[in-house]
Amino acid sequence: MTETTTLRDRVGALVAEAAEAAIRAGSLPDVALPDDLVERPRDPANGDYASSLPLRLARSAMMPPLAIAEAIAGHLPAGEVIDEPRIAPPGFINLSLAEHFVQGEIDRIIEQGPTFADGALGQGKRVQVEFVSANPTGPLHVGNGRGAAIGDTLASALSAAGYEVEREYYVNDAGTQTDVFAETLYARYQQQHGRDVSIPEGGYPGEYMVDLATQLREREGDRLLAEPGEPPSPEVREMGIALIVEHIRGTLATFGTTYDRWFSERSLYEPSADGAASAYDAAIAILRENGHLAEREGALWLTSSDLGEDKDNVVVRSDGRPTYFASDIAYHYDKFVRRDFEQVINIWGADHHGHVSRLEAGTEAVTGKGDALHLLLYQLVTLKRGGETVRLSKRGGEIITLDELVEEVGPDAARFFFLLRAPSSQMDFDLDLAVKQSNENPVYYIQYAHARLASILDRAAGEGRTPEGGDVALLTAPHELALVREMLRLAEVIELVATTYEPQHLAHYGMELATSFHAFNDAFRQQGDPNLKVITDDAALTAARLRLVLAAKIALGRVLDLMGMTAPERM
RNA sequence: GCGCCAGUAGCUCAGUGGAUAGAGCGCUACCCUGCGGAGGUAGAGGUCAGAGGUUCGAAUCCUCUCUGGCGUACCA
């Protein structure tokens with residue numbers, strides 16, 4: 001039992017040991033035990049943890065659930081971690097944490113500080129989280145913000161759960177979309193030099209393309225102009241992509257998201273630094289050797305229907321250019337084979353779900369590690385403005401950029417709004433409402449709690465009071481212990497996020513932890529007795545309560561940090 | 001047509017096969033008047049889209065129907 005095992009696992013192990021002891025003692029038949037033995041009951045009256053094991057064993061043990069509960073409860077070691085178990089019909093064993101254990105956890109939280117609630121689930125496994133990865137053809141829109149919030153927070157949770165995590169942005173700088181982007185940019189650039197040209201059909205009509213052309217003109221003058229009717233120098237494309245990528249990087253930085261690596265799609269087609277074949281050539285060679293490729297109608301196909309897919313997919317077009325799918329196969333060859341990630345998570349908008357199964361098949365064919373690839377889809381964000389629904393599409397007309405959203409509601413509120421919703425849930429984002437209610441956004445509820453905690457510690461320090469040497473055994477009031485109990489859930493929430501890839505649990509937990517603090521703090525006020533506040537004439541009690549406040553600040557700060565939000569000392 | 005995701009309070013959404021289905025906003029009534037009121041307590045508000053099924057137990061799993069979103073390219 002290590003320090004980093006969650007409390008839930010610890011309590012579950014106690015139940016397992018008790019059940020095994022009951023089997024050895026002959027009071028329970030020798031039956032197999034399921035994995036998850038305890039859960040958090042919805043109603044706190046049913047304890048901190050509850051086990052429905054007796055109900056689940058009733059059939060195989062051929063015993064009434066209550067009799068099984070009695071048999072197991074008789075072997076549960078009350079004392080160190082839990083109090084005496086309570087049996088409840090129809091067959092639950094309810095367990096409460098022992099008071100002295102709860103109190104002692106305050107000291108442990110303070111001792112662990114910023115590593116509080118870290119876990120060992122990941123065992124140092126190397127995981128890559130790739131997210132956003134929007135085409136470098138325009139600014140990020142609101143939907144990309146959802147991907148950024150989900151990906152970044154998931155990466156943080158995995159890291160806290162003991163994985164070694166790398167965040168990556170895949171820059172699609174090789175496809176036809178960037179060709180169209182470059183053509184559009186060049187058209188705008190020519191317009192700025194007085195040429196009467198129009199942007200290409202299917203090009204990017206957005207005003208930002210004019211801004212980019214202006215930047216290009218201001219930096220390079222007319223140097224990039226080719227003869228009328230002639231194609232421009234490749235530099236136009238290079239510089240355009242570089243400008244857009246820088247813009248995207250800046251947007252994400254403002255949003256609170258930074259990456260370990262920005263990976264160029266084009267680099268997949270270049271020989272590696274040590275002279276080895278390009279990732280693309282290497283991946284294609286493997287597919288060819290293993291008989292996964294076929295030529296047909298002038299194109300090269302991955303025979304994915306042999307791999308359980310609905311159909312085959314084109315890898316190299318009849319004109320010789322590789323498809324996006326080819327890049328993706330090479331990219332995942334690079335991730336799994338060249339860079340040796342043990343687990344890869346890609347976070348995509350739901351509009352890409354048509355690629356999911358074929359990428360899984362392609363990855364399996366080229367690396368054999370299809371099982372280690374996790375494609376997490378988030379449903380698209382629908383924007384509402386003035387009661388009207390606006391579709392988010394870069395190639396369509398109107399887009400609301402992530403910059404605009406952050407400008408209006410701030411990065412913390414924007415992130416939190418995205419994180420509250422499950423990735424699988426379609427969400428309506430009412431812009432008018434988000435702006436109007438920004439001061440009542442639940443994000444402030446959490447941050448306000450953190451600021452109040454900081455304020456109490458400041459105030460105490462001003463009076464020469466500190467948490468040093470406080471004896472946590474003095475904390476016995478229900479609202480004090482309830483606050484600690486809530487903090488103890490964090491490690492379990494982190495593990496839940498790391499296993500389900502659903503960051504919304506963290507956001508909801510943050511709300512609940514803040515609620516526990518507000519209720520704790522208000523309990524002192526309601527009693528109206530100055531001696532019942534955190535800071536009282538009683539020096540020992542004050543120090544003990546300051547320890548609780550400090551621990552709560554650590555826990556709440558950790559939650560905010562995991563979500564990529566600021567934890568303000570004052571607001 | 002086929003495939004994927006969803007449908008839970010007036011609105012936006014949580015909900016790990018378990019005990020009386022929750023939160024925020026909005027609404028109503030109180031508390032406190034502060035170590036930060038961006039607070040606390042309580043209440044009204046539900047056919048968990050519908051119908052079958054599995055189970056000791058279903059919002060949760062399975063089947064069908066309805067509704068919405070997305071996909072079904074030698075675009076990405």
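Below, chain A is the first sequence line, B the second, and so on; all start at residue 1.
- Look at B:rC13: its Watson-Crick or wobble partner, with both distances under 3.5 angstrom, is B:rG22.
- Of all nucleotides present, none satisfies the Watson-Crick or G-U wobble test against B:rU60 with each distance under 3.5 Å.
- Pairing for B:rC4 is with B:rG69, a Watson-Crick or G-U wobble pair whose two hydrogen-bonding atom distances lie under 3.5 Å.
- An OP1 or OP2 oxygen of B:rA76 is reached within less than 4.0 angstrom by a side-chain nitrogen or oxygen of A:R317.
- Distance check: A:L154 CG to A:L506 CG gives 10.5 Å after rounding to the nearest 0.5 Å.
- Between A:Y445 and A:H518, the ring-plane angle classifies as tilted under the 30° and 60° cut-offs.
- If you check every strand for non-hydrogen atoms under 4.0 Å, A:T176 touches sugar and phosphate atoms only.
- For A:S318, counting side-chain heavy atoms from C-beta on, the closest listed nucleotide (B:rG36, B:rC70, B:rC74) is B:rC74.
- The nucleotide whose nearest atom lies closest to any side-chain atom of A:D428 is, among B:rU12, B:rA19, B:rC70, B:rU12.
- With hydrogens and angles left out, the side-chain atoms of A:E309 and A:S357 include a donor and acceptor closer than 3.5 Å.
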Between the protein and nucleotides 42-45 of chain B, list the N/O to N/O atom pairs that are separated by less than 3.5 angstrom.
none

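- In this structure, A:R8 reaches the bases: a heavy-atom distance under 4.0 Å links it to at least one base atom across the strands shown.
- The CG atom of A:L376 sits 12 Å away from the P atom of B:rC5 (whole-angstrom rounding).
- Within residues 445-460 of chain A, the residues that have a heavy atom under 4.0 Å from RNA chain B are, in order of number, A:Y445, A:Y448, A:A451, A:R452, A:S455, A:I456, A:R459.
- Annotation: B:rA44 and B:rA21 have their P atoms spaced 13 Å apart (nearest Å).
- Residues from residues 45-58 of chain A that place a heavy atom under 4.0 Å from any atom of RNA chain B, listed by number: A:N46, A:A50, A:S52, A:L55, A:R56.
- If you check B:rA19, B:rA76, B:rA14 against the side chain of A:Q504, the one that comes closest is B:rA14.
- Under 3.5 Å, the side chains of A:S305 and A:D312 contain a donor-acceptor pair of N or O atoms.
- Across all strands shown, B:rA38 has no partner, as no Watson-Crick or G-U wobble contact with both distances under 3.5 Å is found.
- Stacking of A:R358 on the aromatic ring of A:F325 is recorded, both the 6.0 Å distance cut-off and the 45° axial limit being met.
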For A:M571 and A:Y444: C-alpha separation, side-chain torsions, deciding distance, then whether side chain to side chain contact (heavy atoms under 4.5 Å, CB included) applies.
CA-CA 9 Å; A:M571 293 169 68; A:Y444 297 105; 3.8 Å; yes
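- Atom name P, nucleotides B:rC48 and B:rA9: the rounded distance is 10 Å, in whole Å.
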Kindly determine whether A:I199 and A:Y204 satisfy side chain to side chain contact (heavy atoms under 4.5 Å, CB included), including the steps that lead there.
CA-CA 8 Å; A:I199 63 171; A:Y204 295 90; over 6 Å; no
Step by step, work out the side chain to side chain contact (heavy atoms under 4.5 Å, CB included) result for A:E569 and A:K553.
CA-CA 10 Å; A:E569 298 284 315; A:K553 180 167 178 274; 3.2 Å; yes
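- Formation of a donor-acceptor pair under 3.5 Å by the A:Y280 side chain with backbone atoms of A:I329 is not found in this model.
- The 12-atom threshold is not exceeded at CD of A:E201, counting heavy atoms of other residues, nucleotides or ligands nearer than 6.0 Å.
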Apply salt bridge (Lys or Arg N to Asp or Glu O under 4.0 Å) to residues A:E512 and A:R489 and explain how you reach the verdict.
CA-CA 10 Å; A:E512 284 155 18; A:R489 284 180 52 213; 3.0 Å; yes
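- Spacing between atom CD1 of A:I150 and atom P of B:rC13 amounts to 13 Å, rounded to whole angstrom units.
- Contact check for A:L268 versus A:Y170: side-chain heavy atoms found under the 4.5 Å cut-off.
- Taking only distance into account, the side chain of A:D351 never meets the base of B:rA76 through a donor-acceptor pair shorter than 3.5 Å.
- Using a 4.0 Å heavy-atom cutoff across all strands shown, A:H353 reaches at least one base atom of the nucleic acid.
- When heavy atoms are screened at a 4.0 angstrom cut-off, A:D328 is found touching no nucleic acid atom at all.
- In this structure, A:H352 places its NE2 atom 10 Å from C1' of B:rC75, rounding to the nearest Å.
- B:rG45 makes up no base pair with any nucleotide shown, lacking Watson-Crick or G-U wobble contacts both under 3.5 Å.
- A distance of about 14 Å separates the C1' atoms of B:rG45 and B:rC25, rounded to the whole Å.
- Looking at which nucleotide of RNA chain B each of A:M571 and A:K311 is closest to, the 5′-most match is held by A:M571.
- A close approach under 4.0 Å does not occur between any side-chain nitrogen or oxygen of A:H508 and OP1 or OP2 of B:rG22.
- Between A:D43 and A:S425, the one whose closest nucleotide on RNA chain B sits nearer the 5' end is A:S425.
- Rounded to whole Å, the P atom of B:rU8 lies 10 Å from the corresponding atom of B:rA14.
- In terms of phosphate contacts, A:R42 brings a side-chain nitrogen or oxygen within less than 4.0 Å of OP1 or OP2 of B:rA19.
- Residue A:Y509 contributes atom OH, which lies 17 Å from atom P of B:rG24 at whole-angstrom precision.
- If you check B:rG36, B:rG69, B:rA19 against the side chain of A:Q379, the one that comes closest is B:rG69.
- Side-chain atoms of A:Q177 and A:T137 form no donor-acceptor pair, as typed in the model, at a separation below 3.5 Å.
- A cation-pi arrangement is found for A:R421 relative to A:F417, the charged atom lying closer than 6.0 Å to the ring centre and inside a 45° cone about the ring normal.
- Separating the P atom of B:rG24 from that of B:rC70 is a span of 32 Å, rounded to the nearest Å.
- Remark: the separation of the C1' atoms in B:rC27 and B:rC11 is 12 Å, to the nearest Å.
- Contact annotation: A:S424 side-chain N/O to B:rA6 OP1/OP2 distance is under 4.0 Å.
- Once rounded to the nearest 0.5 Å, the distance linking OG1 of A:T536 with CG of A:L541 reads 5.0 Å.
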Between A:Y378 and A:F418, is a ring pair (Phe, Tyr, Trp, His ring centres under 6.0 Å) present by the stated rule, with each step listed?
CA-CA 11 Å; A:Y378 62 89; A:F418 288 128; 8.8 Å; no
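- Among the atoms of the strands shown, base atoms are found under 4.0 Å from some heavy atom of A:Q426.
- Between A:W348 atom CH2 and B:rG71 atom P the separation is 14 Å, expressed in whole Å.
- Atom C1' of nucleotide B:rC4 and atom CG of A:D310 are separated by 12 Å, given to the nearest angstrom.
- Rounded to a whole angstrom, the distance from the C1' atom of B:rC74 to that of B:rC13 is 42 Å.
- In this structure, CG of A:D36 is placed 11 Å from P of B:rG18, rounded to the nearest angstrom.
- Within 4.0 Å (heavy atoms only), A:E569 reaches at least one base atom of the nucleic acid.
- At whole-Å resolution of the value, NE2 in A:H479 and C1' in B:rG40 are 12 Å apart.
- Contacts of A:M427 with the nucleic acid, taken as non-hydrogen atoms under 4.0 Å apart, involve only primed sugar atoms and P, OP1 or OP2.
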